[in-house]
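This report concerns only the one structure given below.
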There are 2 protein chains.
Amino acid sequence: MQSRTPASRTGRPRSAAADAAILAATREALVELGWSGLTLSDVAIRAGVAKTTLYRRWAGKNELVVDAVAELFDELRVPDRGSLAADIEGVVLQFAAILARPEARSGLMAVVAEATRDEALRERIRASIVDRQKHLVLAGRARAQARGELPAETDAGRTARAADLIFDMVAGAVVHRTLVSAEPADEEWVHGFTRVLLSGLAAAGSA
Amino acid sequence: MQSRTPASRTGRPRSAAADAAILAATREALVELGWSGLTLSDVAIRAGVAKTTLYRRWAGKNELVVDAVAELFDELRVPDRGSLAADIEGVVLQFAAILARPEARSGLMAVVAEATRDEALRERIRASIVDRQKHLVLAGRARAQARGELPAETDAGRTARAADLIFDMVAGAVVHRTLVSAEPADEEWVHGFTRVLLSGLAAAGSA
DNA sequence: GTGCTTTCGCTACGATTCGTAGCGTAACGC
DNA sequence: GCGTTACGCTACGAATCGTAGCGAAAGCAC
């Protein structure tokens with residue numbers, strides 16, 4: 001989670017409970033105060049830890065919020081509903097449900113904004129959030145190919161570009177619907193979106 | 001631009017030059033410092049005005065940045081390239097070009113994040129940025145109908161929902177591609193995206 | 001030209017937050 | 001136990017915030 005993967009082996013270990021408490025407190029503070037109102041001092045008080053403990057583990061607000069928000073995406077799964085369309089609808093609905101939560105709304109866009117000027121932060125977001133989502137696209141595609149709904153891949157580069165496009169279209173549309181248009185990505189909307197997306201992929205792919 | 005539309009008629013008028021200088025300075029500061037590093041004191045110095053002048057016109061950082069970023073979208077136009085596909089590609093490319101600018105990247109997502117907890121700010125964004133974009137979708141659609149590329153509208157509600165969906169798909173995909181995936185929305189990508197979108201709309205619309 | 005009104009630039013201020021340093025204590029591996 | 005590291009706590013200088021008060025400037029009405 002933090003940057004300290006090859007941790008030391010001696011001395012007092014870091015409290016895993018403190019980690020969980022801090023991340024939970026961060027999400028709670030995001031809901032109540034929003035991004036700009038969130039302070040590390042406040043998070044420390046909520047989590048019941050010292051402010052210095054926070055600074056020992058995270059470099060700053062950006063990194064902390066990325067990790068706190070990333071945990072929300074742990075619950076993403078590829079449902080097996082029997083068809084590509086149903087699977088995609090399921091994933092999109094899960095994604096929409098996460099974005100409907102205020103701690104995700106306030107935090108996600110803010111760290112993305114900060115990441116435009118911070119390469120390390122962008123990489124952290126990619127590793128802990130984006131790649132996890134993109135994996136769902138690939139898994140759904142593989143399952144559809146096993147069912148015969150999609151042709152097997154021929155050109156690897158073309159396939160990768162297509163996956164990237166699908167990912168940007170799915171995540172982008174849901175994010176924009178939820179955060180910018182401020183309308184719920186409910187079942188009706190998701191159904192319409194999925195139909196357009198799949199029809200377009202089928203038609204454009206065969207062309 | 002500011003909230004003071006029904007301005008008073010007597011006394012010294014506000015300097016329009018100061019407005020322009022402040023908004024330009026805000027964009028400049030966004031490029032150099034990013035959202036979190038931007039301070040109103042710094043903007044005031046860059047613009048050559050007093051800090052108090054800033055606070056007299058804008059309530060805070062959020063409102064100022066919204067106005068500064070909104071000006072970037074003034075240049076959006078609906079091109080007349082002769083076909084719906086070409087028109088859409090043109091709009092998407094313009095949108096991508098704006099998002100490629102660092103002052104837009106840093107500022108836009110940040111204010112969207114803040115707007116998740118601020119209804120007034122959300123309305124300000126809608127009025128000065130989103131509606132302007134959505135108008136392009138409607139204009140392009142009308143032109144395509146005049147050409148006979150799209151059938152005339154029958155159900156008003158259905159039409160409005162379709163326009164909203166198109167808007168979320170276009171803006172969302174470009175934003176996600178540019179800011180999250182951090183890849184350029186170049187001509188090749190836009191072409192592929194437009195093909196999928198139009199194919200999907202044609203297929204789903206006729207179903 | 002003379003007032004009236006509003007904006008402007010400037011300075012100063014208390015309040016708040018930041019991120020760090022220092023220190024003694026607590027918890028683990030050997 | 002011993003060494004090592006994490007923890008809680010306190011305190012600190014630095015920076016930013018948003019506001020108040022003042023005199024001067026720039027328009028409009030007459």
Side-chain angles (χ1 to χ4, degrees), chain A residues 1-26 29-30 32-67 110-111 114 118 120-121, chain B residues 1-26 29-30 32-67 110-111 114 118 120-121:
Chain A
M1 197 79 75
Q2 301 90 304
S3 54
R4 189 68 48 84
T5 311
S8 49
R9 52 180 67 254
T10 178
R12 175 176 177 176
R14 288 192 170 171
S15 164
D19 262 20
I22 290 169
L23 293 177
T26 303
L30 273 177
E32 292 183 21
L33 309 170
W35 164 267
S36 60
L38 183 147
T39 71
L40 293 200
S41 308
D42 182 79
V43 170
I45 294 172
R46 289 173 188 267
V49 302
K51 187 172 63 165
T52 44
T53 298
L54 264 170
Y55 280 102
R56 285 192 191 99
R57 304 188 183 201
W58 286 277
K61 196 167 159 176
N62 292 337
E63 292 76 9
L64 173 62
V65 172
V66 170
D67 287 356
V111 293
E114 291 297 311
D118 185 336
L121 187 62
Chain B
M1 196 79 72
Q2 299 93 301
S3 54
R4 189 69 49 86
T5 311
S8 48
R9 52 181 66 255
T10 175
R12 176 176 175 175
R14 290 194 170 170
S15 162
D19 262 19
I22 290 170
L23 293 177
T26 302
L30 272 178
E32 292 183 23
L33 308 170
W35 164 266
S36 60
L38 183 148
T39 70
L40 293 200
S41 307
D42 182 80
V43 171
I45 295 173
R46 290 173 187 267
V49 302
K51 187 172 61 164
T52 44
T53 298
L54 263 171
Y55 280 102
R56 286 193 191 97
R57 304 189 182 199
W58 285 276
K61 196 167 158 175
N62 292 337
E63 291 76 8
L64 174 62
V65 172
V66 170
D67 288 356
V111 294
E114 291 297 311
D118 186 336
L121 186 63

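These numbers come from a predicted model, not from an experiment. Each chain gets a letter, A, B and so on, in the order its sequence line appears, and its residues count up from 1.
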Tell me: [atom1] of [X] to [atom2] of [N], nearest whole Å?
{"X": "A/I45", "N": "D/dC9", "atom1": "CD1", "atom2": "P", "value": "11 Å"}
{"X": "B/N62", "N": "D/dC17", "atom1": "CG", "atom2": "C1'", "value": "14 Å"}
{"X": "B/D19", "N": "C/dC8", "atom1": "CG", "atom2": "P", "value": "8 Å"}
{"X": "A/R14", "N": "D/dT4", "atom1": "CZ", "atom2": "P", "value": "18 Å"}
{"X": "B/L33", "N": "D/dT16", "atom1": "CG", "atom2": "P", "value": "10 Å"}
{"X": "A/I22", "N": "D/dA6", "atom1": "CD1", "atom2": "P", "value": "13 Å"}

Grab the two heavy atoms, one from [X] and one from [Y], that are nearest each other, plus how far apart they are.
{"X": "B/A21", "Y": "B/A47", "result": "O-CB, 3.7 Å"}
{"X": "A/L54", "Y": "A/L40", "result": "CD1-O, 3.2 Å"}
{"X": "A/R46", "Y": "A/E32", "result": "NH2-OE1, 3.0 Å"}
{"X": "A/S15", "Y": "A/A18", "result": "OG-N, 3.0 Å"}

query: Is any side-chain heavy atom of A/W58 closer than 4.5 Å to a side-chain heavy atom of A/T26?
result: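 Of all side-chain heavy-atom pairs linking A/T26 with A/W58, none is under 4.5 Å.
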message: Using a 3.5 Å distance criterion without hydrogens, assess whether the side chain of B/K61 forms a donor-acceptor pair with backbone atoms of B/L38.
response: yes
field: Donor-acceptor under 3.5 Å (A/T53 side chain, A/V49 main chain)
entry: no
field: Contact letters for nucleotides 18-30 of chain C, in which S counts primed atoms plus P, OP1 and OP2 and B counts the base, heavy atoms under 4.0 Å
entry: SBBB----BBBS-
- prompt: When you check the gap from the basic side-chain N to the acidic O, do B/R57 and B/D19 get nearer than 4.0 Å?
  reply: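 A salt bridge is present here (some side-chain N lies under 4.0 Å from a carboxylate O).
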- prompt: To 10°, what angle do the rotation axes through the five end pairs on each side of the helix from C/dG1-D/dC30 to C/dC30-D/dG1 form?
  reply: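 For the helix from C/dG1-D/dC30 to C/dC30-D/dG1, the axes at either end differ by 40°.
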